[in-house]
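One is the number of the first residue; the rest follow in order along the sequence. The model shown is predicted, which means the values in this text are computed figures rather than measured ones.
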Amino acid sequence: MHPITVPYAKAQAELAARIREAAARCVRPVAAIDGMAASGKTTLAHALAREIPGCAVVSMDDFFLPPGRRAERERLLANADIERFDAEVLLPLSQGREAVYRPFVCHPEPAFAPPVRIPAQASCVIVEGAYCLHPALFGRYALRALCLISPEEQKRRIAARNGEAMLSRFVSEWIPLENRHIEARNLIARCDLLIREGPAV
């Protein structure tokens, strides 16, 4: 089965319809929105949460690998704590339980923020961010979407959002790892929905 490709402008309507269809088949479906940096994943996830009553959003940024564990990036082919995310979010949700996790924050100093709770009564959960379609997690979702963007537009948006200094780090460090994750796992062919070109910053 090949994924359906939709432009970003139509992605919210398409995903909302599919999430509602999944909710008719199972309790509290979990949808994943993976993709390239600055491709509109977070914007789309929160727009869906505003549209769908009782919908919760979890960001993979909250599971960023702490500095002391950065050596694990090559083993995981991810810059996220995949095991912690699965244990604290996806596993309890799949068992009908409340999910509780502490977001990792980098600034002003690396630390874990106060707990966030995803109630068992949530109508659906949207996980957004790079690496949420890691092989260890892939089978836990009712719906899998992948956001794509041209390299030129990606750099323009990152520079506008994060500044030129951070752009150089994205280009040298984070973008190559995210691209390898997408390519090595053949996500373009394996996801349910391909979303092209996000909104302007």
Side-chain angles (χ1 to χ4, degrees), residues 1-19 22 29-49 51-52 55-65 73 76-82 85-86 89-90 124-162 166-167 169-201:
M1 182 176 177
H2 297 289
I4 294 173
T5 300
V6 298
Y8 194 93
K10 297 182 178 180
Q12 181 177 337
E14 182 69 28
L15 276 168
R18 287 172 174 246
I19 289 170
V30 181
I33 306 176
D34 203 323
M36 300 166 69
S39 59
K41 304 180 295 295
T42 303
T43 299
L44 179 57
H46 286 280
L48 285 163
E51 178 179 347
I52 303 171
C55 178
V57 175
V58 180
S59 173
M60 291 301 291
D61 286 350
D62 290 343
F63 295 86
F64 196 69
L65 277 177
R73 287 190 295 191
L76 295 168
L77 193 52
N79 200 18
D81 192 337
I82 301 301
F85 171 70
D86 192 25
V89 178
L90 294 186
C124 63
V125 177
I126 299 171
V127 179
E128 67 85 12
Y131 312 114
C132 66
L133 288 179
H134 186 279
L137 313 172
F138 196 90
R140 294 203 185 274
Y141 301 110
L143 179 64
R144 305 161 189 86
L146 186 69
C147 290
L148 303 174
I149 188 173
S150 70
E152 296 77 19
E153 179 64 8
Q154 182 183 47
K155 292 175 186 175
R156 186 196 71 76
R157 293 181 188 178
I158 292 170
R161 184 185 69 187
N162 302 97
M166 287 300 293
L167 173 61
R169 189 169 183 189
F170 270 90
V171 170
S172 65
E173 185 177 349
W174 295 322
I175 290 174
L177 186 65
E178 291 173 3
N179 289 346
R180 285 172 57 202
H181 155 69
I182 292 170
E183 294 164 8
R185 281 132 189 182
N186 198 24
L187 294 183
I188 290 177
R190 296 177 63 214
C191 67
D192 303 305
L193 201 65
L194 285 178
I195 301 167
R196 299 280 183 180
E197 298 292 344
V201 172

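- A search for ring pair (Phe, Tyr, Trp, His ring centres under 6.0 Å) contacts involving Phe63 returns Phe85, Tyr101, not counting sequence neighbours.
- Panel note: side chain Arg196, backbone Thr5; no donor-acceptor pair is recorded below 3.5 Å.
- At distances below 3.5 Å, at least one donor-acceptor pair connects side-chain atoms of Glu197 with backbone N or O atoms of Ser150.
- A salt bridge does not link Glu152 with Arg156: every distance from a Lys NZ or Arg NE/NH1/NH2 to an Asp or Glu carboxylate oxygen is 4.0 Å or more.
- Checking side-chain atoms of Glu14 against main-chain N and O of Val6 turns up no donor-acceptor pair under 3.5 Å.
- Between the side chain of Gln154 and the main chain of Ala37, a donor-acceptor pair closer than 3.5 Å is present.
- With hydrogens and angles disregarded, no donor-acceptor distance shorter than 3.5 Å links the side chain of Arg140 to the backbone of Leu90.
- No side-chain donor-acceptor contact under 3.5 Å links Asn162 to the backbone of Leu167.
- Taken to the nearest 0.5 Å, the OG atom of Ser39 stands 8.0 Å off from the CZ atom of Arg157.
- For Glu173, the salt bridge (charged side-chain N to carboxylate O under 4.0 Å, His left out) partners at least two apart in sequence or on another chain are Arg73, Arg169.
- Qualifying side-chain contact (heavy atoms from CB on, under 4.5 Å) partners for Ala9, counting only residues two or more places apart in sequence or in other chains: none.
- The ring pair (Phe, Tyr, Trp, His ring centres under 6.0 Å) search around Phe64 returns none, not counting sequence neighbours.
- Under the ring pair (Phe, Tyr, Trp, His ring centres under 6.0 Å) criterion, His181 pairs with Tyr131, sequence neighbours left out.
- The side-chain contact (heavy atoms from CB on, under 4.5 Å) search around Ala45 returns Ile33, Val57, Ile126, Glu128, not counting sequence neighbours.
- Atoms CD1 and NZ, from Ile4 and Lys10 in turn, are 12.5 Å apart once rounded to the nearest 0.5 Å.
- The distance from the CG atom of Asp34 to the SG atom of Cys191 is 9.0 Å, given to the nearest 0.5 Å.
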